[in-house]
Novice: 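Following this message is one structure expressed as structure tokens.
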Protein chains: 2
Amino acid sequence: MPTIREVAARAGVSPATVSRVMKGEVPVNAETRARVEAAISALGYAPNAFARSLASNRLGGVGLVISHLAGPFMGRVMMTLEATLRQANVSLLVASGGGEAEREQEAVDFLINRRCDGLIVHADALADETLSALAATTPLVVFNRRVAEIEAHCIYLDNECGGYLATRHLLEQGHRHIACLTGPLKQQDAAGRLAGYHRALGEWGIEADTRMIIEGDFVEGSGERGMTTLLARGLPVTAVVAGNDDMALGAMTLLRARGIAVPQTLSLVGYDNEACSRHVVPSLSTIHAPLEEMAQDAAERLLMLVAGDALPPAMSFTPTLIERETVAPPKV
Amino acid sequence: MPTIREVAARAGVSPATVSRVMKGEVPVNAETRARVEAAISALGYAPNAFARSLASNRLGGVGLVISHLAGPFMGRVMMTLEATLRQANVSLLVASGGGEAEREQEAVDFLINRRCDGLIVHADALADETLSALAATTPLVVFNRRVAEIEAHCIYLDNECGGYLATRHLLEQGHRHIACLTGPLKQQDAAGRLAGYHRALGEWGIEADTRMIIEGDFVEGSGERGMTTLLARGLPVTAVVAGNDDMALGAMTLLRARGIAVPQTLSLVGYDNEACSRHVVPSLSTIHAPLEEMAQDAAERLLMLVAGDALPPAMSFTPTLIERETVAPPKV
DNA sequence: GGCCATCATGAAACCGGTTTCATGATGACA
DNA sequence: TGTCATCATGAAACCGGTTTCATGATGGCC
């Protein structure tokens, strides 16, 4: 593995000049540059990443903190992040936190200790203040979450809009008794979706019935349990908005077991447009998020921050409704 | 950010001693150690990762090369890898190759240039020789693939066994005309599954009919197309072994469209036990791989290699059959 | 008491880049 | 022709650890 000094010796220049040629920003005499470049390719020189990092105090890589690596859409997000970052010759370090605040903080510390140039954080459990404090010390982008004080650092979906779209779709089909199986309401995404549900009902002049709103945890089982609770209450529900596709799937499992026909007796809308939702029978109507665009924006914003550039204004991403087979007009 | 020299000054020792206390392997006088430790915690000292890497020529991190980050089970694999590695205080760098040999090679080079201490490679497109050559220069573990020359470096599923289990299950139910929708046969996993199919048929004294074997590419659409082709051939097929769950799902979609009842008219077995397979209707019988155990073994083997230890003998992981609703005895 | 092995420790070299500062060359301008 | 700005380049300091080698202290043994 040749060093910069060997290259310099071969080209008959000093290491400093080789360094200047490598980064290409400072002007170097054309003929000197050619000699150096020849030496570089002759020796197959590649700069030592450690030495470079030590001297410049930059890693050339960013960290990704993620709550649930095995979550339904992390693959799509990571794929785009990785591709965008690698194009900029920036590497991606991954640490996971499993949705517990303490372990997420550990993950952050782990990456900070590695001297990452910046951080992309996709964490449920960390507090808003922790994140905005972090943003003050490190280039930071927050994924799938909005923290007001650092809005331009946040890449998030307009969940209120998504909840609204789902509910409005059911209203337009004629439903008037619409229940809502939410995610954990201390999480912003779940709360936003519920707010959209309320707004849609409000626009139709319908007062929300709290007995029709059941909090779950975004996991399948809670969809099943929530639906059980809902049925037990004996309300005249004709449609359900689920917190996400997993919960919708859980609900569908229960409904099938109880012999309740979807969508004939009960309509259902999910959220997230997971791969699976297209395959279940009947296929699940749901809300789609432009994850790839969001991930690309996240990577680009982080690169700007790392470069010291100012961020463009904050922007939320808009979800869209995917109509499939779980929604039909209510029976009269 | 305090340096080792500041700690040394405060503790009244030399930087060398602080360094020795930090790694804890060389004996240090108990009282000196206590003083140094006090200084470390008083200053909140954390060693600079760059300097450490430069001096010791080790990154303290390993690279993961992955063909398809968004693939159906990468989440589960990465989760376990990350957790196991982080326990050893080793960070994880990720690069993806998208299933093209050239880009996978680029990903490998990218990580090698970052001076990773080792590499976990989960790549379809790279050649066996490339991998065994790489193993000679870098601590290397190959995931989900067997390369004979570096067998102990490989973590793989016994796909032949999986194919056998799927086929035998159908045979035991009384099926005698079993088709096979395979993945791309140049890939080892697809070829292994097909070999298991052949072995099971052989044990039952049935000669395989090449018209019943259709090659696809592990993606849903190829399941649909394969099934179309199969039906068009008008063979007396009563059951199908699919290359993976995605292909099985594609086949189910087509069968539903054609009004062919699963499992009454046609039985179906998938492979991979994706989250989705439990939710489709009827739920998909499939083959389960112990991915978490495999990932943990991969991480542990890599850590051994990095530490310079010898590897334990190679071991393949055994898949299991998950019986659900897509298999029934053939109609008489 | 003298000699040698053992042990803890410090001084300094080293890893391989980047960056600052000094220098010599070149050319413009009066 | 003399002076000063400009430019390309080199020397050397620097980043912050690790590691080698030397040294001084301690103690066991004859």
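Per chain, numbering begins at 1; letters A, B, ... match sequence-line order.
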Novice: Measure from the side-chain heavy atoms of Val13(A) and tell me the nearest of dG10(D), dG17(C), dG17(D).
Specialist: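 Minimum distance to the Val13(A) side chain belongs to dG10(D).
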Novice: So, is Lys23(B) near the phosphate of dG17(D), with a side-chain N or O under 4.0 Å from OP1 or OP2?
Specialist: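 Indeed not, no polar side-chain atom of Lys23(B) lies that close.
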Novice: Please report the distance, rounded to the nearest Å, between CZ in Arg20(B) and C1' in dT19(D).
Specialist: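 It is 8 Å, rounded to the nearest whole Å.
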Novice: I would like to know whether Glu292(A) and Gln296(A) meet side chain to side chain donor-acceptor pair (under 3.5 Å); could you show each step before the answer?
Specialist: CA-CA 6 Å; Glu292(A) 284 80 7; Gln296(A) 178 156 358; over 6 Å; no
Novice: Ignoring backbone atoms, establish whether Thr17(A) has a side-chain N or O less than 4.0 Å from OP1 or OP2 of dG10(D).
Specialist: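 Yes.
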Novice: Determine the minimum heavy-atom distance between Leu59(A) and Leu93(A), stating which atoms define it.
Specialist: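 Closest approach of Leu59(A) to Leu93(A): CD2-CD1, 4.1 Å.
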Novice: Arg58(A) has an atom CZ; how far is it from atom P of dT18(C), in whole Å?
Specialist: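 To the nearest whole Å, that distance equals 11 Å.
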Novice: Using the rule given for salt bridge (charged side-chain N to carboxylate O under 4.0 Å, His left out), can you reason through Glu6(B) versus Arg10(B), listing the C-alpha separation, both sets of side-chain angles and the distance that settles it, and then say yes or no?
Specialist: CA-CA 6 Å; Glu6(B) 298 175 47; Arg10(B) 177 167 183 130; over 6 Å; no
Novice: At 4.0 Å (heavy atoms only), tell me whether Val26(A) reaches a base, stays on the sugar-phosphate, or touches nothing.
Specialist: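 Answer is nothing: Val26(A) stays at 4.0 Å or more from every strand.
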Novice: For Ser67(A) and Glu104(A), run side chain to side chain donor-acceptor pair (under 3.5 Å): C-alpha distance rounded to whole Å, both residues' side-chain angles, the deciding distance at 0.1 Å, then the answer.
Specialist: CA-CA 7 Å; Ser67(A) 297; Glu104(A) 287 181 3; 2.9 Å; yes
Novice: Of the candidate nucleotides dG17(C), dT18(C), dG10(C), which contains the atom at the shortest distance from the side chain of Ser19(A)?
Specialist: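 Nearest listed nucleotide: dT18(C).
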Novice: By nearest nucleotide on DNA chain C, pick out whichever of Ser14(B) and Ser56(B) is the more 5' one.
Specialist: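 The residue closer to the strand's 5' end, by nearest nucleotide, is Ser14(B).
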Novice: Base, sugar-phosphate, or nothing for Val28(A), non-hydrogen atoms under 4.0 angstrom?
Specialist: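 Sugar-phosphate: the residue Val28(A), judged by heavy atoms under 4.0 Å, touches backbone atoms but no base.
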Novice: Specify the separation, in whole Å, of atom CZ of Arg52(A) and atom P of dT19(C).
Specialist: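 Computing the Arg52(A):CZ to dT19(C):P distance gives 10 Å.
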Novice: If you go through the side-chain atoms of Arg5(A), does one of them form a donor-acceptor pair with the base of dG17(C) closer than 3.5 Å?
Specialist: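 Yes.
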Novice: Base, sugar-phosphate, or nothing: which does Thr32(B) touch, judged by heavy atoms less than 4.0 Å apart?
Specialist: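 Counting heavy atoms under 4.0 Å across all strands, the contact made by Thr32(B) is with sugar-phosphate only.
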Novice: To the side chain of Leu54(B), which of dG17(C), dC15(C), dT9(D) is closest?
Specialist: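 Output: dC15(C).
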Novice: With a 4.0 Å cut-off on heavy atoms, is Val18(A) in touch with a base, just the backbone sugar-phosphate, or nothing at all?
Specialist: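 Touches nothing.
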